[in-house]
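Scroll down for the structure; my scribbles are underneath it.
Quantities reported herein were computed from a predicted structural model and do not represent experimental measurements.
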Amino acid sequence: MKPGIYPAYGPVVFRDRAANHAFLTRSTMTSDKTVEWEDGNTYPVVDVEISDVSHPFYTGTARVLDTAGRVERFERRYGGRK
């Protein structure tokens, strides 16, 4: 890789404010805010609005639409017209 053209890649804490959950990973994102992590080290922290802990798709609270019922209702209303 060519030196000097890539952003710094290092440990960052991502914090989901909605679920009060944080995880440590590596990223090119940076932040002026820092947090002391469980291992005693201080890392930059990036606040996110949603993560796998609070997203309805991952938590199983996503609503499934009844598309078959909607199609049948549409055909009952408008399908019989000729």
Side-chain angles (χ1 to χ4, degrees):
M1 291 190 346
K2 195 172 189 181
I5 63 170
Y6 298 104
Y9 183 72
V12 177
V13 174
F14 285 93
R15 181 170 50 192
D16 182 356
R17 291 297 211 167
N20 196 21
H21 176 73
F23 55 94
L24 177 65
T25 186
R26 295 177 54 90
S27 176
T28 58
M29 291 189 71
T30 59
S31 176
D32 295 332
K33 296 186 283 184
T34 59
V35 67
E36 186 172 333
W37 192 243
E38 300 161 353
D39 61 2
N41 293 328
T42 302
Y43 299 106
V45 63
V46 176
D47 290 326
V48 293
E49 295 179 19
I50 198 161
S51 71
D52 63 328
V53 177
S54 61
H55 193 279
F57 177 78
Y58 294 107
T59 60
T61 59
R63 296 185 310 158
V64 177
L65 297 176
D66 182 21
T67 55
R70 290 182 180 195
V71 170
E72 291 168 0
R73 190 170 42 226
F74 177 82
E75 287 179 352
R76 266 186 295 173
R77 282 188 191 163
Y78 306 109
R81 296 183 182 182
K82 295 191 183 208

Item to check | Heavy atoms from other residues, nucleotides or ligands near CG of Asp39 exceed 12 (cutoff 6.0 Å) | outcome: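 Yes, because the 6.0 Å sphere around CG of Asp39 holds more than 12 heavy atoms from other groups.
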Next on the checklist: As a quick check of understanding, evaluate side chain to side chain contact (heavy atoms under 4.5 Å, CB included) for Glu49 and Asp16, giving each step before the final call.
Outcome noted: CA-CA 6 Å; Glu49 295 179 19; Asp16 182 356; over 6 Å; no
Next on the checklist: Let me confirm one number: the CG-CZ distance from Leu24 to Phe14, rounded to the nearest 0.5 Å.
Outcome noted: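 The CG atom of Leu24 sits 10.0 Å away from the CZ atom of Phe14.
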Item to check | Rounded distance (nearest 0.5 Å) linking atom OG1 of Thr34 with atom OH of Tyr43 | outcome: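 Rounded to the nearest 0.5 Å, the OG1-OH separation comes out at 12.0 Å.
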List the atom of [X], the atom of [Y], and the distance in Å for their closest heavy-atom pair.
X	Y	answer
Ala22	Val13	CB-CG1, 4.0 Å
Val46	Thr30	CG2-O, 4.4 Å
Met29	Val12	O-CG2, 3.4 Å

Next on the checklist: When you measure from the side chain of Ser31 to the backbone of Val45, do you find a donor-acceptor pair of N or O atoms at a distance under 3.5 Å?
Outcome noted: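 Looks like yes, one N/O pair under 3.5 Å.
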Next on the checklist: So Trp37 and Thr42, do their side chains get closer than 4.5 Å, heavy atoms only?
Outcome noted: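 With C-beta onward as the side chain, the pair stays apart.
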Item to check | Asn20 vs Arg15 side-chain heavy atoms within contact, under 4.5 Å | outcome: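 SC-SC contact between Asn20 and Arg15 ruled out.
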